[in-house]
Number of protein chains: 4
Amino acid sequence: MVPPTSATGRRRLPPEQRERQVLDAAVRVFSRIGFHDASMDDVAEQAGLSKPMVYTHGGGSKEELLRRCIRREADRLLTSVSLAAGAPADAPGDDRTTEDRLRRGLRAFFATLTTHRDGWSVLYRQARTGTLADEVHDARARIVDRVAELLSAELTGRDPATARALATPLAAALVGAAEGLADWSASGGTEDPDALAEMLLALVWTGLSRLRHH
Amino acid sequence: MVPPTSATGRRRLPPEQRERQVLDAAVRVFSRIGFHDASMDDVAEQAGLSKPMVYTHGGGSKEELLRRCIRREADRLLTSVSLAAGAPADAPGDDRTTEDRLRRGLRAFFATLTTHRDGWSVLYRQARTGTLADEVHDARARIVDRVAELLSAELTGRDPATARALATPLAAALVGAAEGLADWSASGGTEDPDALAEMLLALVWTGLSRLRHH
Amino acid sequence: MVPPTSATGRRRLPPEQRERQVLDAAVRVFSRIGFHDASMDDVAEQAGLSKPMVYTHGGGSKEELLRRCIRREADRLLTSVSLAAGAPADAPGDDRTTEDRLRRGLRAFFATLTTHRDGWSVLYRQARTGTLADEVHDARARIVDRVAELLSAELTGRDPATARALATPLAAALVGAAEGLADWSASGGTEDPDALAEMLLALVWTGLSRLRHH
Amino acid sequence: MVPPTSATGRRRLPPEQRERQVLDAAVRVFSRIGFHDASMDDVAEQAGLSKPMVYTHGGGSKEELLRRCIRREADRLLTSVSLAAGAPADAPGDDRTTEDRLRRGLRAFFATLTTHRDGWSVLYRQARTGTLADEVHDARARIVDRVAELLSAELTGRDPATARALATPLAAALVGAAEGLADWSASGGTEDPDALAEMLLALVWTGLSRLRHH
DNA sequence: GATGAATGAGTTTTCATTCAT
DNA sequence: GATGAATGAAAACTCATTCAT
């Protein structure tokens, strides 16, 4: 019943699978060799496909291929964090504390980084100059924004406008700190997402709480 | 005494000045156009030199040139932070608190970023994958180490080994947070180094203090 | 009796119609985009067929497809001119003068060019170097030969061998002149075939007549 | 005294010679293989140079290279014909008849074609579709214009405006006829420029003269 | 018979790097 | 020591052509 080609994994796949195949290979190659140093041949070889397939299913150009990689990985990370932290607006029955939300969000963050190290590398370690800088910048900004939203909830002692204005740099610092920890984790530190999350919380939570009351 | 070329400002400079001239141009060009998109012609033109001169005084290859740029800028940053924070070992007469040292260090960090934006860009925004990943990684590690040293002094409630083991990820997080803030600063946030330093201290200082006593 | 595909207008046409469909599309596309710049996809799209169909009914290769285009268009032109000029051998009851034959031939020539501009373009404006040069050369030679035959009849004052030897370059010149006029016509000159024919006759007829008697 | 490399003909030539070297090779290759079928490697090999040299001295792209070829060859042909036919305006002491001017012009035309067959091929046999169509068209238009100018002088029986309006298509036809003859010449006919010129004059001169008086 | 999907082979173009002067 | 001129090597991208369905 299964077509005989399923064995080789080559011919006649539905487009979505092909695109995924191509993006997976691209993320991996770009992460390992670096976007500029990697050639489309490298990507094709990693995907087990011919170069034209990479072009057909990868957006038509190397740059567009990277763009799609960045978007996919950023979406993955953002979705993971958002789901774990809970709905942005405090739903009626949702009585979790901000600390708890933050904890869960950070755990998801570190868990995703650990699971998809290549994707993270594409997001954070590629050249942030040139045409693609904006793409990376936007992807990171979306994450920072989501975190800022979370932090705003904690800064209730202040008026909303001030809270938000303060939340953004704090979120930027927090995300940066998470990245720094992730780097340390990748260089030999623990890979346990929970431990990493606790470490970061221990560092910043008191400070955040204090900022509530000015 | 003055070399005869002072008239044109060009010919027959001592090698060190030549190297500086080349590195300055390279940092600028790499920062603006990006390492991979920039050509050696671009560097030569920016330096006002011929290409062979760039090769002679820039290390002999494009990659080595970038390596030297990274090292110089990392040194600049590390030196600046170190000087501001004070001697690593508590000198007898030095009774400044750790908080004060950290504050001064952070101010120097943000001040240097602001003053030498191109250098910072070369350090943090260039490809951190590929052949040069190690170089960047090492440069950042040196900074993280220096900060860890600083933090160790605060974790006096613990035995030295534990203190140091704890200090490294905290330092990684702290440096990451500083980078995140710097990004935010570059994207429209305040550029005042003191304000940035205070913001970061407010976020982490209480947490750090608490970690002292377990 | 009507093939069942008349409903869609597509499927299951007799091979000849398919070939015509393919050649029509090819002539159009090659003429507009140029043989080399046009892709087989372009031809297939213009024909409303899939690419394999173009290969099946178009001769199996792009080059052969062009060859067939050239042949068909050359035949069309030659047939049109021949029919208008009359039977090559002076048929008994045919007492039209050579001038009249030439006039009718030229009118047919210009009329065909105007009506089938794409075909003419394929014949005269495509690369006349490379592998296909011979094909174009042959196609033109056939036309020149037919004209030479016509002119021979006028050079009756000379012995047949001389007449024919003289007729060929004259025919070549005449055909070239017609092409030159056609170019002018296409670039803004009149498109009236009769006017173009008269213009050309006015230019060359006296000369041709004179050549009759040495 | 002569630099030792003059023996190989390779290194350190002045730019003009290099450009000529490149154009010569390009004209030859484009003429023989055809513009589209020829690769830049072919041109480089023919020139005995590396490909980058072809790009440096050939305008930076294949298309620009062809453009320059076309321009050079068109200039060569136009200059040759113009010089032979004499100054366009009848200079006071210039009492040559129009027929004489035309004869000399045609001789020069055929002589140049014969001498620079490759250049002629590039001018007349390359694809006249695509981006380069205009370039070829313009080159030919300049020649047709020059001939029209010549013919205008003969149509003195008519008012100047009419004369010029009539002269252009006649010139187009005449140039076309010359090209047709040249084709015939290249396919086995005589290569004697004088003979070719006389043949063409015999064909058209009476007609031209008659057009003078309506 | 008809086609969507797949690829091998090639082309233009760009640089990092090095001589000959 | 300094440079203009030269090149080897590679990389993105395209397309005629053919299977597997």
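Numbers restart at 1 for each chain; the letters A, B, ... are given by sequence-line order, proteins then strands. Note that the structure is predicted; figures quoted are calculated from it, not measured. What's counted below: heavy atoms across the whole structure, side chains too, no hydrogens, waters or symmetry copies.
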Legend entry - A:M40 CE - E:dT13 P separation (whole Å): 19 Å

Legend entry - Atom-pair distance (CG on D:D41; P on F:dA9), nearest Å: 13 Å

Inset, instruction - Output yes when at least one side-chain N/O atom of D:H57 is less than 4.0 Å from OP1 or OP2 of F:dA6, else no. - result: yes

Inset, instruction - Ignoring hydrogens and angles, state whether a donor on the side chain of C:R76 or C:H116 is under 3.5 Å from an acceptor on the partner side chain. - result: yes

Inset, instruction - Under 4.0 Å between any heavy atoms, over every strand shown, what does D:A44 touch: base, sugar-phosphate, or nothing? Just pick one. - result: nothing

Inset, instruction - Give the rounded distance in Å between these two atoms: CG of B:D37 and P of F:dA12. - result: 13 Å

Legend entry - C:R18 side-chain N/O to E:dG1 phosphate OP1/OP2 under 4.0 Å: no

Inset, instruction - Could you say whether A:H36 or B:S50 is positioned toward the 5' end of DNA chain F, judged by the nucleotide with the nearest heavy atom to each? - result: B:S50

Inset, instruction - Report the base-pairing partner of E:dT21 (Watson-Crick or G-U wobble, both distances below 3.5 angstrom), or none. - result: F:dA2

Inset, instruction - Would you classify A:S61 as touching base, sugar-phosphate or nothing, given that sugar-phosphate means primed atoms plus P, OP1 and OP2, and contacts are heavy atoms under 4.0 Å? - result: sugar-phosphate

Legend entry - NZ/NE/NH1/NH2 to OD/OE distance under 4.0 Å, C:R67 and C:D134: no

Inset, instruction - Could you check which of F:dA6, F:dA12, F:dT3 has an atom nearest any side-chain atom of A:S39? - result: F:dA12

Inset, instruction - Check the distance between E:dC15's C1' and B:E63's CD and give it to me in whole angstrom. - result: 15 Å

Legend entry - Distance, rounded to the nearest Å, where B:Y55 contributes OH and E:dT17 contributes P: 4 Å

Inset, instruction - Could you let me know what E:dG8 is paired to, Watson-Crick or G-U wobble, both distances under 3.5 Å, or none if it's on its own? - result: F:dC15

Legend entry - Value in whole Å for how far the P atom of E:dC15 lies from CD of B:E45: 13 Å

Inset, instruction - Could you verify whether a donor N or O on one side chain and an acceptor N or O on the other, from B:R18 and B:Q21, lie under 3.5 Å apart? - result: yes

Inset, instruction - Provide, to the nearest angstrom, the distance between the CG atom belonging to D:L49 and the P atom belonging to F:dT7. - result: 6 Å

Legend entry - Given DNA chain F, 5'-ward residue of the pair B:K51 and C:F35, judged by closest heavy atom: B:K51

Inset, instruction - Counting heavy atoms from C-beta on, name the nucleotide in F:dA12, E:dT3, E:dC19 closest to the side chain of C:P52. - result: E:dT3

Inset, instruction - Would you mind reading off the distance between D:E64 atom CD and E:dT14 atom P, rounded to a whole angstrom? - result: 13 Å

Inset, instruction - Could you tell me how the ring of B:H36 sits relative to the ring of A:H36: parallel (under 30°), tilted (30 to 60°) or perpendicular (over 60°)? - result: parallel

Legend entry - B:S39 and B:D42: side chain donor to acceptor below 3.5 Å: yes

